Amino acid sequence: MKAIQYRSYGDYSENRLVDLPRPALRDGEVLVAMRTVGINPLDNTFRSGHFYGATPENLPRIGGQTGAGAVVASKSDALNVGNRVFVRGPGFGIMTDGTWREFVAAPAAGLSLIPDGIDDDQAAAYLAGAGYLTGYLALTELAKFRPGQTVLAPGIGGAVGMETVQVARRLGASLAISTASNTKKAKQARAAGYDHVIDLSKESLKEGVMRITEGKGVDIVVDGISGKLTGEALASLAFGGTVVTAGYAGGREAEVNVTDIIWKAATIRGFTFRLFAQQTVAAANAALLEFLKEGKLQPTISRVFPLSEAAEAVRYLIEDRPFGRVLMDARS
């Protein structure tokens, strides 16, 4: 089978197309023919070696954390041949081989059916970047969101920004605000139905938040950007507000005014999936799947690359910062 594997830590070109044996099934597992797979910024972090498991013993590794496919063989009563499934699992693409390949063997208990009416690309986009799950857990578990509160999730083109806004609206936020780095992306977002997008080429994040909230600030920030926006996010909080830091697409280092923490009685939480119990994550996934079935979530696709162009696909996601998810067709 065709797969994308890296055999050393390094730049995009380490994502190499290779031929590997098709995985064998064990009891309780199913064999899934992957159709569309997602790319997460963390896939780039892992391959570049900037994570705790970047050791020689963890190589070689097939990348990819998520995807959509169809069951072609089964040693489980839970799923049948022909079932279309969301594919993800603990450690996929990190400590165990991931989804960027033609076939994946996985425990049936860890997979879930794709609802009718959701095609393969939409299903893969729903999982790619883990924005929906991040946003839901950040809001409900860490920030203790209540209907009527205001939410800021910077970076409307990225998974955390775009999908946290969608989740916040479904949960009953009175305002769900995001940002765009330029006017073109701001216009694209507004045309897609995101009414409150701050164009950072025309005003600062704090100025935009105070304009939209009429000087009140926001109750919750779910920040997947960080860097220079961290200080402005803190300055944009309402009294007693919470910042959940969930990523660092804009940089790992930030400058903040500590009086924004003190005088606003701010809470700052760091987001990692390792924080949550398995049953908490399962309940969040179940709630989000219902939102998807309701049509309240809109997985957005920027571009689908063939699997053979994995290196360019990852570069496009990281450097071009498109509006929507970046996927690969595992069959090409």
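As the structure is a prediction and not an experimental result, all values here were calculated from the model. Positions are given from 1 along the sequence.
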Which word best sums up how the rings of Phe271 and Phe273 line up, parallel for under 30°, tilted for 30 to 60°, or perpendicular for over 60°? perpendicular
Side chain to side chain contact (heavy atoms under 4.5 Å, CB included) between Thr99 and Gln65, intermediate numbers included: CA-CA 6 Å; Thr99 59; Gln65 299 170 70; 5.7 Å; no
Report the C-alpha separation of Phe291 and Tyr132 in whole Å, then their side-chain angles, then the decisive distance to 0.1 Å, and conclude whether the side chain to side chain contact (heavy atoms under 4.5 Å, CB included) test is met. CA-CA 10 Å; Phe291 294 171; Tyr132 290 119; over 6 Å; no
Which side-chain N or O atoms in residues 325-332 pair as donor and acceptor under 3.5 Å with protein atoms at least two apart or in another chain?
from, atom 1, to, atom 2, distance (Å)
Arg325, NH1, Glu163, OE2, 3.1
Arg325, NH2, Gly157, O, 2.6
Asp329, OD1, Arg331, N, 2.9
Asp329, OD1, Arg331, NE, 3.2
Ser332, OG, Asp329, O, 3.3

Between atom OG1 of Thr164 and atom CD1 of Ile177, what is the distance when rounded to the nearest 0.5 Å? 13.5 Å
Going by heavy atoms in the side chains, are Asn80 and Val71 under 4.5 Å from each other? no
Please check if atom CZ in Arg26 has more than 12 non-hydrogen atoms from other residues, nucleotides or ligands closer than 6.0 Å. no
Check this for me: Lys185, atom NZ, are more than 12 non-hydrogen atoms of other residues, nucleotides or ligands nearer than 6.0 Å? yes
Can you confirm whether the side chains of Thr36 and Asp121 place a donor and an acceptor under 3.5 Å from each other? yes
State whether Arg321 and Glu319 are salt-bridged, where the test is any N-O pair (Lys NZ or Arg NE/NH1/NH2 against Asp/Glu carboxylate O) under 4.0 Å. no
Find the distance between CD (Glu253) and OG1 (Thr230) and round it off to the nearest 0.5 Å. 11.0 Å
Ignoring hydrogens and geometry, is there a side-chain-to-backbone donor-acceptor pair from Thr96 to Gly91 under 3.5 Å? no
Quick one: pull up CD in Glu29 and CG in Leu31 and give me the separation to the nearest 0.5 Å. 9.0 Å
Quick check: does any side chain N or O of Glu214 sit under 3.5 Å from a backbone N or O of Arg211, one acting as donor and the other as acceptor? no
Distance alone, cut at 3.5 Å: any donor-acceptor contact between the side chains of Gln166 and Tyr194? yes
Is Ile268 reachable from Val218 through a run of hydrophobic residues whose side-chain heavy atoms are each under 4.5 Å from the next? yes
Would you check if His50 and Tyr9 make a side-chain contact, meaning some heavy-atom pair closer than 4.5 Å? no
Any donor-acceptor pair under 3.5 Å from Lys296 side chain to Arg170 backbone: no
Quick one: do Phe276 and Leu133 satisfy side chain to side chain contact (heavy atoms under 4.5 Å, CB included)? Show the steps, please. CA-CA 12 Å; Phe276 305 104; Leu133 186 57; over 6 Å; no
Side-chain touch Lys75/Asp27, heavy atoms, less than 4.5 angstrom: yes
Check this for me: Arg22, atom CZ, are more than 12 non-hydrogen atoms of other residues, nucleotides or ligands nearer than 6.0 Å? no
Is a side-chain N or O of Arg7 found less than 3.5 angstrom from the main chain of Glu14, in a donor-acceptor match? no
With salt bridge (Lys or Arg N to Asp or Glu O under 4.0 Å) as the criterion, how do Arg190 and Asp195 come out once you've worked through the C-alpha distance, each side chain's angles and the decisive distance to 0.1 Å? CA-CA 5 Å; Arg190 291 172 188 138; Asp195 298 327; over 6 Å; no
If you define the side chain from C-beta out and look only at heavy atoms, does anything of Arg101 sit under 4.5 Å from Pro23? yes
Taking atom CD of Glu294 as the centre, report whether more than 12 heavy atoms of other residues, nucleotides or ligands fall under 6.0 Å from it. yes
Lys/Arg cation over aromatic Tyr316: Arg303, 6.0 Å, 45° cone: yes
Arg274 charged N/C atom sitting above Tyr52 aromatic ring, 6.0 Å / 45°: yes
With a 6.0 Å cut-off (strictly less than), is the heavy-atom count around CG of Asp77, excluding the residue itself, greater than 12? no
Testing the 3.5 Å rule here: is there a donor-acceptor pair between the side chains of Thr150 and Asp219? yes
In terms of hydrophobic clustering (I, L, V, M, F, W, Y; side-chain heavy atoms under 4.5 Å; direct or indirect links), are Val243 and Val209 co-clustered? yes
Side chain Ser236, main chain Gly217, donor-acceptor under 3.5 Å: no
Is it the case that the side chain of Asn257 and the backbone of Gly231 share a donor-acceptor pair, with hydrogens and angles ignored and the cut-off at 3.5 Å? no
Does the side chain of Thr66 reach to within under 4.5 Å of the side chain of Tyr126, using non-hydrogen atoms? no
Apply side chain to side chain contact (heavy atoms under 4.5 Å, CB included) to the pair Leu175 and Val151, showing each step before the final yes or no. CA-CA 6 Å; Leu175 286 170; Val151 174; over 6 Å; no
Would you say Ser178's side chain and Val197's backbone share a donor-acceptor pair under 3.5 angstrom? no
Could you state whether Ile212 and Val222 fall into the same hydrophobic cluster, counting links through intermediate Ile, Leu, Val, Met, Phe, Trp or Tyr residues with side-chain heavy atoms under 4.5 angstrom apart? no
Heavy-atom side-chain proximity of Val85 to Val32 below 4.5 angstrom: yes
Could you check whether any side-chain N or O of Asp43 sits under 3.5 Å from a backbone N or O of Asn40, counting only pairs where one atom can act as donor and the other as acceptor? yes
Quick one, Val167 and Leu288 - any side-chain contact, counting heavy atoms below 4.5 Å? yes
So, taking the atom named CZ in Phe305 and the one named CD1 in Ile39, what distance separates them when rounded to the nearest 0.5 Å? 7.0 Å
Hey, is the main chain of Pro322 close enough, under 3.5 Å, to the side chain of Asp320 for a donor-acceptor pair? no
In Å, rounded to the nearest 0.5 Å, how long is the span from OH of Tyr6 to CZ of Arg47? 8.5 Å
Please report the interatomic distance CD(Glu312) to CG(Asn15), rounded to the nearest 0.5 Å. 11.5 Å
Less than 4.5 Å apart, any side-chain heavy atom of Leu142 and any of Thr242? no
